Amino acid sequence: MPELPEVETTCRGIRPHVEGRALSALVVRNPRLRVPVPDTLRARIGGHTLQTVGRRAKYLLLHFGDGSVIVHLGMSGSLRVVRSDEPPGAHDHVDFVFGTQALRLRDPRRFGMVVWQEGDVARHPLLARLGPEPLEAGFDADWLYAVTRGLRAPIKHVLMDSHRVVGVGNIYASESLFRARIHPLEPAGRLGLQRCARLVEAVRATLAAAIAAGGSTLRDFVGGDGQPGYFQQQYFVYGRDGEPCRVCASVVRRVVSAQRATYFCPRCQRRS
């Protein structure tokens, strides 16, 4: 599933091509996504100017003045800039057309969504209860320390809880915890302020590095320009079970926790 770096890469890639342009057409070839594309969407945004392109968590936000289109890429989707006359593929379900260019949503599994929110987009149920953005000021050591007090859940699970912090999925949680030298199954409530500070910095550094590399392409993710990401070439632990740690040469291990694969180095990331 595209995570925060992939969605941010898409956001930055499409923004210069469509911001400030009027939508000349909305083409919906297949409305049957995870949440059906609203029948009224064409009437709501047709002819309106796309004022800004933003991101909240793993959602792309297309702001049209009196409301916003919220786009989720699902399990394996992409939103990229194409020529509006480029023939669509079998899984190209929605085009936002801006003259000779279009934003084309490709979603092979149809697990994404295109929904409308009138007025303040932050009021939408998908966004209203989300935690802070990990690259913004609200996510800091004091906050992480406060929200983990008394928690017995593994710190990796807490990082992946979008009500506590958004956009840190399985890949980037594993990589961040390695950089912070914290075992992924360490109970969150045991982290002191110093380790919380180390983890916050590791999350920020991991996400920044991933965005700089265009995100990760494990199957078929491409950014807004159709190019794959390359951060998977920099992984320290994710997907590297049985291979030597890049720091200490110990064998990277894999365990399953909460039905998700978790990767760590047993020497660099000791339990306390």
Side-chain angles (χ1 to χ4, degrees), residues 1-84 88 91-107 109-138 162-163 165-167 223-225:
M1 178 181 291
E3 298 184 15
L4 186 153
E6 289 76 50
V7 180
E8 181 65 21
T9 295
T10 297
C11 181
R12 296 182 186 187
I14 67 177
R15 182 181 288 141
H17 298 277
V18 295
E19 270 192 350
R21 300 186 63 181
L23 186 80
S24 52
L26 177 70
V27 180
V28 180
R29 301 181 188 88
N30 186 351
R32 297 186 302 275
L33 304 182
R34 176 166 41 132
V35 175
V37 180
D39 294 335
T40 58
L41 186 59
R42 184 180 292 106
R44 287 183 178 277
I45 64 177
H48 290 227
T49 297
L50 176 55
Q51 296 183 352
T52 60
V53 177
R55 178 194 58 77
R56 178 72 169 109
K58 300 177 185 180
Y59 298 96
L60 288 160
L61 309 178
L62 310 180
H63 300 291
F64 282 93
D66 60 343
S68 303
V69 177
I70 303 172
V71 179
H72 191 275
L73 299 178
M75 295 294 292
S76 57
S78 63
L79 187 66
R80 58 193 179 92
V81 179
V82 300
R83 288 189 55 84
S84 54
H91 304 297
D92 293 335
H93 302 311
V94 180
D95 282 4
F96 299 86
V97 182
F98 299 86
T100 61
Q101 290 185 312
L103 292 181
R104 178 162 290 173
L105 177 65
R106 184 179 189 274
D107 188 0
R109 301 187 189 184
R110 289 191 288 115
F111 217 72
M113 63 177 70
V114 176
V115 297
W116 171 257
Q117 172 63 35
E118 193 81 21
D120 182 8
V121 70
R123 292 190 294 104
H124 193 280
L126 290 169
L127 308 181
R129 297 180 60 196
L130 293 177
E133 290 282 337
L135 297 177
E136 295 182 358
S162 63
H163 295 121
V165 58
V166 300
D225 58 359

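One-based numbering along the sequence shown. Because the structure is a prediction, the values reported are computed rather than measured.
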Please determine whether side-chain contact (heavy atoms from CB on, under 4.5 Å) holds for the pair His48 and Leu23, giving the CA-CA distance in whole Å, both sets of side-chain angles, and the decisive distance to 0.1 Å.
CA-CA 6 Å; His48 290 227; Leu23 186 80; 5.8 Å; no
Shortest non-hydrogen separation from [X] to [Y] and the atoms involved:
X      : Y      : value
Pro134 : Val166 : CD-O, 3.1 Å
Glu133 : Ala57  : OE2-N, 2.7 Å
His163 : Arg129 : CD2-O, 3.1 Å
Glu118 : Asp66  : OE2-O, 3.6 Å
Val121 : His63  : CG1-CE1, 3.7 Å
Gly112 : Asp107 : N-OD2, 2.7 Å

Is any side-chain heavy atom of [X] closer than 4.5 Å to a side-chain heavy atom of [Y]?
X      : Y      : value
Thr49  : Phe64  : no
Arg110 : Arg32  : yes
Val27  : Arg29  : yes
Leu79  : Ile14  : yes
Val7   : Tyr59  : no
Glu19  : Thr52  : yes
Leu73  : Leu105 : yes
His93  : Val28  : no

Output, in order, the C-alpha distance, side-chain angles, deciding distance and verdict of side-chain contact (heavy atoms from CB on, under 4.5 Å) for Asp95 and Leu103.
CA-CA 6 Å; Asp95 282 4; Leu103 292 181; over 6 Å; no
Nearest 0.5 Å, please: how far is [atom2] in [Y] from [atom1] in [X]?
X      : Y      : atom1 : atom2 : value
Thr100 : Arg83  : OG1   : CZ    : 6.0 Å
Arg106 : His91  : CZ    : NE2   : 5.5 Å
Leu4   : Leu135 : CG    : CG    : 6.0 Å
Arg55  : Leu60  : CZ    : CG    : 9.0 Å
Asp120 : Ser68  : CG    : OG    : 8.0 Å
Leu61  : Gln117 : CG    : CD    : 10.5 Å

I'd like to know if the side chain of [X] reaches the main chain of [Y], judged simply by a donor and an acceptor atom lying under 3.5 Å from each other, with no hydrogens or angles considered.
X      : Y     : result
Arg21  : Phe98 : yes
Arg104 : Val82 : no
Glu6   : Glu3  : yes
Ser24  : Gly99 : yes

Verify side-chain contact (heavy atoms from CB on, under 4.5 Å) between Gln101 and Ser84, making sure each step is shown before the conclusion.
CA-CA 5 Å; Gln101 290 185 312; Ser84 54; 5.9 Å; no
Only distances under 3.5 Å count here; give the side-chain donor-acceptor pairs of residues 33-41 to other protein atoms, sequence neighbours excluded, each with its distance to 0.1 Å.
unit_1, atom_1, unit_2, atom_2, d
Arg34, NE, Phe111, O, 2.8
Arg34, NH2, His72, ND1, 3.4
Arg34, NH2, Phe111, O, 3.4

Does Val69 form a side-chain contact (heavy atoms from CB on, under 4.5 Å) with Val115? I'd like the steps, not just the answer.
CA-CA 6 Å; Val69 177; Val115 297; over 6 Å; no
